[in-house]
A.B. asks: 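Structure provided below as structure tokens; questions to follow.
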Amino acid sequence: MTPSSKQPYRAKSHGALNHARTVRFTFDGKPYEGLEGDTLASALLANGVHLMGRSFKYHRPRGVMSAGVEEPSALIGISRDKSNSGARVQPNVRASVQEIYDGMNAVSQNRFPSLNFDLGAVNSLLAPFFAAGFYYKTFMWPRKAWDKVYEPFIRRAAGLGESPTETDPDRYANRFEHCDVLIIGGGAAGLMAAKTAAAKKQRIILCDENPSLGGWLLADSDVTIDGKSGTQWVKDTVAELQANENVRLLTRTTGFGYFQQNMVGLVERVTDHLAQPDMDLPRERMWQVRADKVVIAQGAIERHLVFADNDRPGIVLAGAAQKWLNQFGVTVGNNVGVFTACDTAYAAAFDLYEAGTHIAVIVDQRATVDQALLEQANELGIRVMPNAGVVGVTGKLRINGIKVKTASGSEETIEVDALITSAGWTPSLHLYSQSRGKPIWDEASQRFLPGQSPQACVSIGACNGTNDLATTFAEAAKATGGRAPKLEIENDVSLAGGTIGMASESAETGKAFVDFQNDVTAKDIKLAVREGMHSIEHVKRYTTNGMATDQGKLSNMHGLSIAAKMLDKPVPEVGLTTFRAPYTPTTFGSFVAHARGTLFDPSRKTPIHEWAQENGAEFEPVSLWQRAWYFPRPGEDMHEAVDRECRTVRTSAGVFDASTLGKIEVVGPDAAAFMNIMYTNGWDKLKPGRAKYGIMCREDGFIYDDGVVGKLSDTRFHVTTTTGGAPRVLNHMEDYLQTEFPDMQVWLTSTTEQWATIAVQGPKAREIIQPLVTGADISAEKFPHMSVVECQVCGVPARLFRISFTGELGFEINVPADYGRAVWEAIWERAEPAGACAYGTETMHVLRAEKGYIIVGQDTDGTVTPHDAGLSWAVAKSKPDFVGKRGLQRPDLTASGRRQLVGLKTSDPKKVVQEGAQIVADPEQAIPMKMIGFVTSSYWSGTLERSIAMAVLEDGFARMGETLYIPMEDEVIEVEVEGTVFYDPSGEKING
Amino acid sequence: MLLIHCPYCKDDRPELEFSNAGEAHIVRPTNMSDISDTEFEAMFFMRDNPKGIALERWRHAHGCGRFFNVARNTVSDKFLKVYKAGEPRPSDAEIEELLK
Amino acid sequence: MVEATPTKRIAPAEGFRVANSVVSIETAKPASRISLRATSAGARSFEKSLNFALPRKPAETASAKGRHALWLGPDEWLLIDEANPDDSMVPRLPNKQFSAVDVSHRNMAFIVAGPGAAATLNAACPRNLSLAAFPVKTCSRTVLGKAEIVLYRTARDTFRVECWRSYAPYVRDLLAIASKDAHI
Amino acid sequence: MKKFNVFSLARETMRGHTGWGKQWRNPEPKKQYDVIIVGAGGHGLGTAYYLAREHGIKNIAVLEKGWLGGGNTGRNTTIIRSNYLYDESAGLFDHSLKLWETLSQELNYNVMFSQRGVMMLAHNVHDVQSAQRHINANRLNGVDNEWLTPQQAKEYCPPLNISKDSRYPVMGAALQRRGGVARHDAVAWGYARQASDMGVDIIQNCEVTGINRAPSGEVTGVETTKGTIGAKQVGVVASGHTSILMEMAGVRMPLESFPLQALVSEPVKPIFPCVTMSNAVHAYISQSDKGELVIGGGTDSYVSYSQTGSMHMLQEVLDSIIELYPIFNRLKMLRTWGGVVDVTPDRSPILGKTPVKGLYVNCGWGTGGFKATPGSANVFAHTIAKDEPHKINAGFNLDRFRTGRLIDEAAAAAVAH
Ligand SMILES: Cc1cc2nc3c(=O)[nH]c(=O)nc-3n(C[C@H](O)[C@H](O)[C@H](O)COP(=O)(O)OP(=O)(O)OC[C@H]3O[C@@H](n4cnc5c(N)ncnc54)[C@H](O)[C@@H]3O)c2cc1C
Ligand SMILES: NC(=O)c1ccc[n+]([C@@H]2O[C@H](COP(=O)([O-])OP(=O)(O)OC[C@H]3O[C@@H](n4cnc5c(N)ncnc54)[C@H](O)[C@@H]3O)[C@@H](O)[C@H]2O)c1
Ligand SMILES: Cc1cc2nc3c(=O)[nH]c(=O)nc-3n(C[C@H](O)[C@H](O)[C@H](O)COP(=O)(O)O)c2cc1C
Ligand SMILES: [Zn+2]
């Protein structure tokens, strides 16, 4: 090897990267150079940097372990903004998969003041104290100290990286997609499956989490397929697939979640590897794919070996070392030791040797090693120690030696600058398990393997426990309905063999890590079992094994094996913990995608909204709608504006946008019969041209909705609902119509948005609208209160109601919505000179409260019956049936002492009580007080020059004239109970 | 997201188009006013809530708007049978069969 | 004075248009519309007044002279008349065994066109919009993000997206942002 | 049983933690018990604990089909508060909250109860009215709950977005300072350890498959996957699975079991100091001591026992979280899981006797029963021991669905969790 001065561990002869394309980046502020296509880990390794992070609990120095998503240790933070503003910060990024780009700014995490010297590492000294579950056993005294001392301390110590502190400026996209075959994983297995399916003209999506397709074939320098190198075969196959219009290849795309009925979530990282991403690109793209068939070709993940100090920087997985060498052209050291329990590490060692690295020793746990491997090692002059184990290492921030113990018990320290290890390969069962398939234990190979999934999916290749390429190809082809291809395969290395659990019992003298990130050692697992944690689920939660950001990709099998040995139970009886989505951590942004800001939820606006905006309205959200709340004039606060609006309506007139009211057209020969069922009132006697206030209950007898209903003809009703209630009322009606009364000839149509509804209320209302109305006589005689007529207003077809929610003479004009603004303006043109005003929902509330009209949802909640609300007159007694009739007869709904709607007047007329204030009879009683009601509505009434309120009150109707109390934080307010109608009780005005 | 077959649209549609409408075959008595408190309780509140085959109603709310019934396995969430509102409840024998 | 000014019609998202190399989105011209609910006998009597037969199979549509009938449910059709936007079809029709309700102003429409049209919609619509699953001349009520829409494929690369008027700004903004991703 | 404290910990540290002993025994079932509790969740284990500690009944078995604490106790977002509206609810949940305050000491097990405050956001006038109604009722019931302006809410929870331009601007919040979170697993373990020590047999991997009754109707015991076990009294505390168990005794329940998912982010350094929830923008969030953001939202809409949920429900909850806390958009979901929650028509629990003599039920906690664990267990133990409800749970009877006397927290506009 000829180390370049800048990247001393770059092997010029190896790898697929272009040495001319250098990339500059910084790590903890220090500048480095790497090559285009490097991961942060491979680039740092090329520079001889192994130390990349600190562990969670003990702050142990950690290097990179793996070359993939399974990485538990090398987690770093990336900041994309030059200003380091805190917006584009990404914590907990795996150095092993993050591609470098020019200008990348990476920082280590969970250390202070620096990665090399971390004060938090004192935890390491206390480590024996910090055994599994220690915090359950202490920090309990003194009690208060938990909040003030212990917990803040624990929290500060935890947590790894730092959250962004500003809003994410990046965009995330979403795509729903369908295909015949979805293939997850683009290694040998996935590519062959795609090739076969493509030949059958199926619509295929193939995704792989890596930047390039090929999986392990890219890291294998020796294998040949029909005489081609593995990489060449990948190149040819990918080219063939790319040319096929039925195939969509998605790289940097992780299948993270397998949901019901073959819906799989994929997330594609679009720009994280780019130096200067085009602002039009989304940062990530979520793919929600529904596939007829899913082919899982996830591959296998190499396990580490569990021995003392197996976490020291410089110790890496053998397969990772091979990948770094063959894909990235990086060697992990100059004098490398090998510790293995399977054959694949030999291939890694031989490749390193060939690249010029000295192989200090191969320590093999197995007593018998394949003869061919021994011979090959012998030929290269590499020392092999079978039936031996590494039991410790020297060096803290980077290992410098390994302690090897042989079966005979002799110990030897061998100098190395890196150690590559392998305990064998764990088939990735993540997505198979998420599809609700059960993993099945294979005693012979000591692995869990996929069985039959309840969904339409199949596992192939290394994730299916297949150890060789020829079989992988055969099952891949079969998975997509093809025949096993006839390919000549040479120099394939089998994935078979390995070990789970402790490398050896003598390897446990120090800290032998099972889960690196969460600092779980073999001893912790044993302690958990000793303490009675016999379920693997308890072991997991007590030790936190497998709960870190890598979700136990390396550790789960070891933890399971150690626990099983302690329990003296077979592994499958102890069992795996549950695999859950996401396969690898997935940004919230990719789930949220477009649904931010104005696209979080539709914001519904009426045709008159813009006029209101132009005229200074403040708005109030009501369900999805924005409603004009009040129209302050310059200098007015809300109270003053509402006072003025109220006064104007009562003395002159006001114009109000009521378009958000729900509207349902009920049409058909059985319309009245249907109304009789749905509403508590009777509808038989209502004449066309007349309107009526209706109450709707659910079957339980509580008020569900209300509104005015106009009868347009014998077969047509114009029903209105509350603003928020419109969708559920329509659904409720459809439900009864379709499922209980399917023989009724009646149909329902939502017309909420067909009509703009303009209320003109006040003594001058008629005078204002009269000239605009054609086709109807709206005089007091011909068009009395509670009338409806179809006519024209401003020349456009209209439904004109004479109704009032204010107690004044009033009209509601419905015109087709596109005309809403023009008609409103025409009315306004007459209203303004007449001294009228535009008013909003707040004034509407005050005016209706003065009249004692209820608002469903404010003066009633789901516990108030029509009787409770004083609306018994609207409940037809003679009807044989209506929804709610039976519910209303239940014992508690007919019992005495129910809470009933009443009016309240404060003894001090200036005092406006709080809505939601609670009422008591005896303000002197001790807490808990007996509350007998609460205030539902409360306003200052300018008209009455005093406050008014409504309340639901225990036995309220019987309490007229009683004095009651409202105990607030700083005062007790005295109130008197009375009826709910405060203004114009005789209804003179309304009939004017 | 479930994929639900609508018997009216005769097509598999994503769950986002549907709303669940609770247990099926709870018939509203025609003599509603005469039923006892216990019968009312049974109708309005009590539910089978089975672990196994649930007979339940869905509405193709953002589709054809129709309510219909399904038999679904509440453990696997698989739809085993879809039928129109008004069609008879599957017999116990048929449910046994579906469970297999 | 009042009678003299013709009343102005203001549709939501009027004049909206965005376009890139693969897709264009624009507000459709005003149209008149009827929501028709009917028994099969009612449908027969209703279609006499139209000059073509109502579609009877799920997702089917029928069109003639700027009028379109969309099957939305077993007893529900949406009728769209592009030719006579201000002329409601309702009053001139008999009224038995069906309900014909004018919804001309309730709905509005966007036209999404171009090779990226389906991809644009699929940013927020979970339906399979491949030609095989959603052929030309078919329609469906469905969802686009948090809005309900009626989707009508008028040509291989052209969809009409009907929504309720207050959802128009949401649908418009959603389609606009989705169009940025339509080339994929 | 070895006492847990810093001295025992120090001593054990010296000798490699070899002397701790088991936190609970793993016995085989006896033939007969005085009381059988079905379900070793927090409520079931707690019931056994209080029966033994406060009522002197020690011949108890807790039967668990899986591993103790593996039901909803092991999968909830651990929000604890007591600012409920109705007197009955406030009484029950505040009883519980008071027990939480000393639970670690009582159990000699650090359940990490952290009173960092629970804040419920208001986004419209109706929310504000509802919050005020709660605050006023709570005050007169002796339950703390206070109103915060948007600025105060932001001070209490700095990541909160209170911009007026957001889709659902924050109009204020109700804060219960005594509310907070706890370490869910430790609650189950702490109760199990003490109960086991007092002689309660906790029998795991023992599914109840039948409830046996005498010809005269009363309960005589249960059938299980480990054989028949006799008992005079049986308490069903099986949350999502209650309907199935009660059906074994011929009792139909007003329950539906829905999937509820939760998720955690990758761990980050402390950024979120309290708990917040919002009804209009439906989601809730806190940060665990390990640093993950713990997030939950609404249930799927259909009955399911699968302990998983849908992709779109995850999207819904995260949409809401990001609307309220846009700074978290780049954080990553680490894991998501599901529970099966049993929901009653009025969203309040059922806690009391049943039509079958000797059979008691504790269920219907829906999305919000973790907070009630000690209180519920405590009064349920009383109900079993005395064969009549404690006054705190008297209103939470099964009869209310017949009489119509519901405790409808949901109808009163507060969604419970
Ligand atoms: C995602 C999620 C979030 C939540 N968030 C909160 C929150 O923030 N705050 C809050 O207060 N509450 C929350 N809850 C609700 C809370 O988790 C539950 O109400 C509470 O944990 C119920 O406790 P439990 O002991 O009654 O039930 P569980 O813990 O479920 O225990 C019941 C036990 O019964 C066992 N069992 C069932 N059937 C049988 C049988 N046949 N034989 C033997 N054993 C059986 C089960 O295996 C289980 O272990 C949440 C729930 C979920 C799912
Ligand atoms: N060290 C080695 O020599 C070695 C290691 C493993 C496999 N192999 C060989 O490779 C062949 C098997 O190939 P294979 O295709 O089964 O495995 P593979 O590992 O080559 O390919 C699997 C691919 O799927 C990707 N992947 C995993 N989970 C994913 C997810 N959720 N979303 C997206 N992508 C995901 C992986 O990153 C990888 O690229 C066998 O012949 C085996 O012998 C060799
Ligand atoms: C409050 C809380 C915090 C959790 N934190 C983590 C965590 O940090 N890492 C993790 O892997 N799982 C975490 N979990 C989830 C558990 O791993 C597990 O998913 C959950 O207990 C449900 O069990 P199951 O997935 O085995 O069905 C947490 C669960 C809860 C309830
Ligand atoms: Zn349908």
Side-chain angles (χ1 to χ4, degrees), chain B residues 1-6 13-26 32-33 35-63 67-82 92 95 99, chain D residues 65 207 209 238-248 250-259 261 298-316 338 340-348 350 355 363-364 366 397-406 408:
Chain B
M1 198 201 308
L2 303 174
L3 189 63
I4 303 173
H5 186 84
C6 173
R13 298 288 178 84
E15 183 189 342
L16 293 178
E17 290 183 358
F18 297 82
S19 53
N20 181 284
E23 190 171 321
H25 302 293
I26 299 173
M32 191 66 187
S33 302
I35 63 174
S36 69
D37 287 335
T38 308
E39 284 167 330
F40 182 86
E41 180 194 29
M43 182 198 99
F44 196 67
F45 292 121
M46 297 302 178
R47 295 294 177 258
D48 282 350
N49 199 27
K51 184 172 184 174
I53 303 282
L55 302 177
E56 64 186 4
R57 307 190 309 143
W58 287 83
R59 183 178 184 210
H60 196 183
H62 300 295
F67 285 83
F68 58 92
N69 296 329
V70 312
R72 185 176 54 86
N73 185 327
T74 60
V75 180
S76 68
D77 291 334
K78 274 200 175 167
F79 288 84
L80 303 173
K81 183 184 165 123
V82 174
D92 288 354
I95 290 175
L99 260 175
Chain D
K65 73 178 163 81
E207 178 166 359
T209 53
S239 73
H241 287 75
T242 306
S243 297
I244 299 146
L245 279 150
M246 295 300 285
E247 211 216 324
M248 296 173 193
V251 182
R252 223 169 156 234
M253 295 295 287
L255 292 172
E256 288 185 297
S257 295
F258 297 115
Q261 295 179 93
T299 66
D300 270 301
S301 68
Y302 48 84
V303 169
S304 173
Y305 290 85
S306 63
Q307 285 193 344
T308 63
S310 299
M311 167 81 184
H312 66 267
M313 294 308 297
L314 296 173
Q315 290 186 295
E316 249 173 53
V340 184
V341 298
D342 47 326
V343 177
T344 61
D346 64 358
R347 302 292 190 277
S348 286
I350 301 168
C363 65
N397 55 39
L398 193 48
D399 281 353
R400 69 182 191 269
F401 301 98
R402 186 171 37 76
T403 63
R405 225 196 64 71
L406 304 185
D408 209 333

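Being a predicted model, the structure only gives us computed values, none of them experimental. Proteins get letters first, then strands, A, B, ... in listed order; numbering begins at 1 in each.
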A.B. asks: So what's closer than 4.5 Å to chain D heavy atoms on B:Asp37: side chain, backbone, both or neither?
C.D. replies: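 Its backbone and side chain both get close to chain D.
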A.B. asks: Using side chain to side chain contact (heavy atoms under 4.5 Å, CB included), reason through D:His312 and B:Leu16 one step at a time and then give a plain yes or no.
C.D. replies: CA-CA 8 Å; D:His312 66 267; B:Leu16 293 178; 3.7 Å; yes
A.B. asks: Heavy-atom pairs under 4.5 Å with chain D are the metric here; pick the option from B:Glu56, B:Arg47, B:Met1 that has the most.
C.D. replies: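 So the answer, after comparing B:Glu56, B:Arg47, B:Met1, is B:Arg47.
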A.B. asks: Calculate, to the nearest 0.5 Å, the distance between atoms CE and OG belonging to B:Met46 and D:Ser243 respectively.
C.D. replies: 10.0 Å
A.B. asks: With only heavy atoms counted, which part of D:Ile244 is less than 4.5 Å from chain B, the side chain, the backbone, both or neither?
C.D. replies: side chain
A.B. asks: Let's test your reading of the structure: which of D:Glu247, D:His241, D:Gln307, D:Met253 forms the most heavy-atom pairs below 4.5 Å with chain B?
C.D. replies: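 Looking at each option in turn, the highest pair count goes to D:Met253.
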A.B. asks: Can you measure from CZ (D:Phe258) to CG (B:Asn20) and round to the nearest 0.5 angstrom?
C.D. replies: 7.0 Å
A.B. asks: Could you go through the side chain to side chain contact (heavy atoms under 4.5 Å, CB included) check for B:Phe45 and D:Asp346 one step at a time?
C.D. replies: CA-CA 10 Å; B:Phe45 292 121; D:Asp346 64 358; over 6 Å; no
A.B. asks: Rounded to the nearest 0.5 Å, what's the gap from CD on B:Glu41 to CG on D:Asp399? Could you check?
C.D. replies: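 Between atom CD of B:Glu41 and atom CG of D:Asp399 there are 8.0 Å.
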A.B. asks: Once rounded to the nearest 0.5 Å, what's the spacing between atom CG of D:Asp342 and atom CG of B:Asn49?
C.D. replies: 8.0 Å
A.B. asks: Could you look at B:Asp48 and say if it's the side chain, the backbone, both or neither that has a heavy atom under 4.5 Å from chain D?
C.D. replies: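 Both parts, heavy atoms under 4.5 Å.
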A.B. asks: What heavy-atom pair brings D:Asp300 and B:Glu15 nearest, and what distance separates the two atoms?
C.D. replies: OD1-OE2, 4.3 Å
A.B. asks: Kindly determine whether D:Arg252 and B:Glu23 satisfy salt bridge (charged side-chain N to carboxylate O under 4.0 Å, His left out), including the steps that lead there.
C.D. replies: CA-CA 14 Å; D:Arg252 223 169 156 234; B:Glu23 190 171 321; 3.2 Å; yes
A.B. asks: Is it the side chain or the backbone of D:Leu406 that comes within 4.5 Å of chain B heavy atoms, both, or neither?
C.D. replies: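 Contact with chain B involves the side chain of D:Leu406 alone.
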A.B. asks: First locate atom OG of D:Ser304, then atom CG of B:Leu2, and finally report the distance between them rounded to the nearest 0.5 Å.
C.D. replies: 8.5 Å
